[in-house]
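Pasting in a structure now, in structure tokens, and then I'll have a few things to ask.
The model shown is predicted, which means the values in this text are computed figures rather than measured ones. Quick note: numbers below take in every heavy atom, side chains included, and nothing from hydrogens, waters or symmetry partners. Start at 1 and go down the list; that is how both ligands and their atoms are numbered.
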Amino acid sequence: MKTKNIFSIALAASLTIVCIPQAKTIDKKAILQRLSLTDKAHFVIGTGMAGMNGNNAVIGATKSLVPGAAGTTYPLDSLGIPSIVLADGPAGLRIDAHRAGDTATYYCTHFPIGTLLASTWNQQLVEEVGKAIGNEAKEYGTDVLLAPAVNIHRNPLNGRNFEYYSEDPLVAGKTAAAYIRGVQSNGVGTSIKHFAFNNQETNRMNTDARISQRAIREIYLKPFEIAIKEANPWTVMSSYNKINGTYTSESKDLLTTILRDEWGYKGTVMTDWFGGKDGATQVWAGNDMLQPGKAEQFTSIVESVKNGKLEKGDLDRNITRILNLIEKTPRYQGYHYSNKPDLKAHAAVTRQSATEGMVLLKNNGALPLRTKASNTQIALYGCTSYDFIAGGTGSGNVNHAYIVSLLEGLKNAGYRVDSQLQKAYTQYISDCKAAEKAHMEEAMKKDKQTAMLAMFLPSPRPIEMNITPEQLNKQAKTAQIAIITLGRISGEFLDRKQADFNLTKEENQLISNVCKAYHKVGKKVIVLLNVGGAIETASWKAMPDAILCAWQAGQEGGNSVADVISGKTSPSGKLTMTWPINFADAYSSKNFPIDKMPDLNMTNQGKAGNNEKNVDYTNYEEDIYVGYRYFDSFNKQVSYPFGYGLSYTQFYYSNAKVNNNGDIITVTVNVKNIGKTTGKEVVELYEAAPNSKKFNKPTKELKAFAKTKALKPGETEVVTLTVKTSDLASFNEAASAWKIDAGIYQLLIGNSSRDIRATLSTSVKAQETSVHNVLAPQEPLNLLHR
Ligand code: BGC
């Protein structure tokens, strides 16, 4: 009987016909033959912002197909080619949460900002987050997610740094690659953006980034090159700005010579929304699709084909690439999306991922809290403790269902809070918001520009409430510990102001008064930073007992912070950018727009401008000396170095070894948890080139990194880091080549750029790889160190 059963199962299995549905394909040649010139010009342009009125047309938004998505492609219904849906963005899918005449909700999960994800230095974790975001995109009917955003943190005040990953190209590139792999594993596309040199928001539609060829190659293009080669995003989004005189979306050197000829990219390029000026030039350059489309672009393409300025072949090539993209999408393949992604499961993903990117900047034993939660009363200071920031504004925002504040997070974890203080803050915040609303309404009646500003820029944070020393003394008696949260928010269109980097006088006062009152009675004070980028810390960091940078940690932020504060998770995030003492210390601050007003007109490309420095053009005089490459090479003091972050435990590095087979350098090192708490460690491998002064190289550059698993006390992991020898090359402008000078290279293993735990060396042979001599500045730049 038994034998018979097994036999019949085997027979049934062998007779089962497995039906794998065949992917639908598009006969591109046949489609091209059937399209008129007008159809073709329409097809390379998006469908505009359907259903939106003019006032709202500042960031991508359409009401068709998936309301609130950034845009759609042009449909060719009679040929069976549907519109596909493109939607932002980096911290989660941005679509409308509500639809007219529909009681259902379409909330998306607000994941941590890009900077926090990068601060995990954990590519597997970023991939998991990408998977969850991609799943929401797919289940809400989106075909291409307009993310990741990978531009370099050139200066601390760029308004969009929170969407971006790092001042270091390797960290940025590897993080982006992991994110792309995760999102695209769902069978939806990504759009790596903004290609490239989008390092300031001031006059972003017109500004000319003037950069040396070497910095272009080594710093600004590198993260794109890494992510594109490793993870093959379905699309690339060109940026708004110019590079050395040419709009990136009109630069054949960038979009064809480098991207396709040198890097081998085969996907589709789209503009940023309303980016670039002349449609025909964009098509010629290899910018396949112009989003969301402008009438002038259409006319320019049609006229230019008619008068022979644009070859029909160029247009057909771009159309073929758009069809290649459409062919892969869920919409073309007939996927029936549910509009019901598992938001609960994704809330767990965002909560856990956020804890891993938080950076412990200081800890005098205040953290983790050691007393039982129910026995611990916490006094919460700072408006932001009660009004947490999940992420930045603009297209990087997400229409989330809720945000867990620090107050709620701590209560959820069982802590008690000073309820009197809570009451006072809640009232104060609501009064401030009401006053701000009334002020805005008044101002909006007066002029349209203010109305636009109100709609698209972050509202100002309330000025910190004054608490008298007597009140503080009283609170310090009943609470076991004080937490002060400082908040910052920014977004596209506007760079951060210097004042946003520095603390306000009320914030300074609050820290100093709280510390005085609590320290007097032997109690500790923690400062929590709910920020999107670096702020000034040097002048006040000696006062509190601990400082935790929580970043903007997504919708579960308060719960994630509670997980770290309570010790449920040991912090293992590390800074992906240097925190300078003063804003002016970064060399790029000399050439960065400071305290300028935004220009919200998205369609003003080609406006004459006043040739104003740092507005109409910006000279990247720091050259390759961005972030730690500058601070470490020129021995400048910093507040917190690149790669820095404490843990609740300590790690010991030993037995570092190197093996070099000529192509690949492999470094191994033992990392042992020698503390009392389970924790993960990030291991950073820097290279120091021989004769770095002679060859004008930074004293060190990150070449690999890895994160250990959660190591128990006493546990050791052998960490392996690999570097291709070709990655040691610098860009030699005279030869237009990547060049390696022969010699002994030092390999520095550390846990920040300023904490090197082991040094190895290896001999490397000379190498040279020629590339195209493109994108040269039109005039010489006054470069640091040349
Ligand atoms: C932003 C892009 C975004 C697009 C569509 C633009 O304003 O720069 O990052 O993807 O809008 O919303």
TODO: Going by heavy-atom distance to atom 3 (C) of ligand 1, choose the closest among D88, L146, L86.
DONE: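 Comparing heavy atoms across D88, L146, L86, the nearest one to atom 3 (C) of ligand 1 lies in D88.
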Open item on the list: At less than 4.0 angstrom from any non-hydrogen atom of K193, what atoms of ligand 1 do you find?
Closed with: 2 (C), 3 (C), 9 (O), 10 (O)
Task: ligand 1 contact on R160 by region, counting heavy-atom pairs under 4.0 Å - done: side chain
Open item on the list: Please list, in number order, the atoms of ligand 1 under 4.0 Å from a heavy atom of H194.
Closed with: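 Counting from 1, the qualifying ligand atoms are 2 (C), 8 (O), 9 (O).
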Task: Subset of ligand 1 atoms that lie under 4.0 Å from at least one heavy atom of M237 - done: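 Those qualifying, in numeric order: 10 (O).
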Open item on the list: Is the terminal nitrogen or CZ of K138 (NZ for Lys, CZ for Arg) located under 6.0 angstrom from the six-membered ring centre of Y335 and within 45° of that ring's axis?
Closed with: yes
TODO: Below 4.0 angstrom from a heavy atom of A70, which ligand 1 atoms are there? Numbered from 1 as shown, please.
DONE: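 Near A70, the atoms of ligand 1 are 5 (C), 12 (O).
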TODO: Have a look at L145, N198, D272 and point out the one with the heavy atom closest to atom 1 (C) of ligand 1.
DONE: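 Shortest heavy-atom distance from atom 1 (C) of ligand 1: D272.
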Task: Residue part near ligand 1, for R204, under 4.0 Å between non-hydrogen atoms - done: side chain
Open item on the list: Between H400 and Y107, is the ring centroid distance below 6.0 Å?
Closed with: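 Judged by ring-centre distance (under 6.0 Å), H400 and Y107 do not meet the cut-off.
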Task: Heavy-atom pair with the smallest gap, counting every atom of A87 and R94 - done: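 So the two residues come closest at CB-O, 4.2 Å.
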Open item on the list: Donor-acceptor pair, distance only, cut-off 3.5 Å: does the side chain of R160 make one with the backbone of N199?
Closed with: no
- [ ] Decide whether a cation-pi geometry holds between R154 and Y620; the criteria are a distance under 6.0 Å from NZ or CZ to the six-membered ring centre and an angle within 45° of the ring axis.
- [x] yes
Task: Y617 six-ring centre to R210 NZ/CZ under 6.0 Å and within 45° of normal - done: yes
- [ ] Within a distance under 4.0 Å of any heavy atom of R94, pick out the atoms of ligand 1 and give their elements.
- [x] 12 (O)
Task: Atoms of ligand 1 close to E492 [distance to a heavy atom under 4.0 angstrom, numbered from 1] - done: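 This gives 1 (C), 6 (C), 7 (O), 8 (O) as the contact atoms.
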Task: Pair F224 and F195, ring centroids less than 6.0 Å apart - done: yes
Open item on the list: Taking 4.0 angstrom as the limit and counting only heavy atoms of S395, give me the atoms of ligand 1 inside it, by number and element.
Closed with: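 In order of number, 1 (C), 2 (C), 3 (C), 9 (O), 12 (O).
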TODO: Could you tell me which atoms of ligand 1, counted from 1 in the order shown, lie closer than 4.0 angstrom to a heavy atom of Y240?
DONE: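 Near Y240, meaning under 4.0 Å from one of its heavy atoms, ligand 1 has 6 (C), 7 (O), 8 (O).
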Open item on the list: Looking at K277, I'd like to know if its NZ atom is crowded, meaning that more than 12 non-hydrogen atoms belonging to other residues, nucleotides or ligands lie closer than 6.0 Å.
Closed with: no
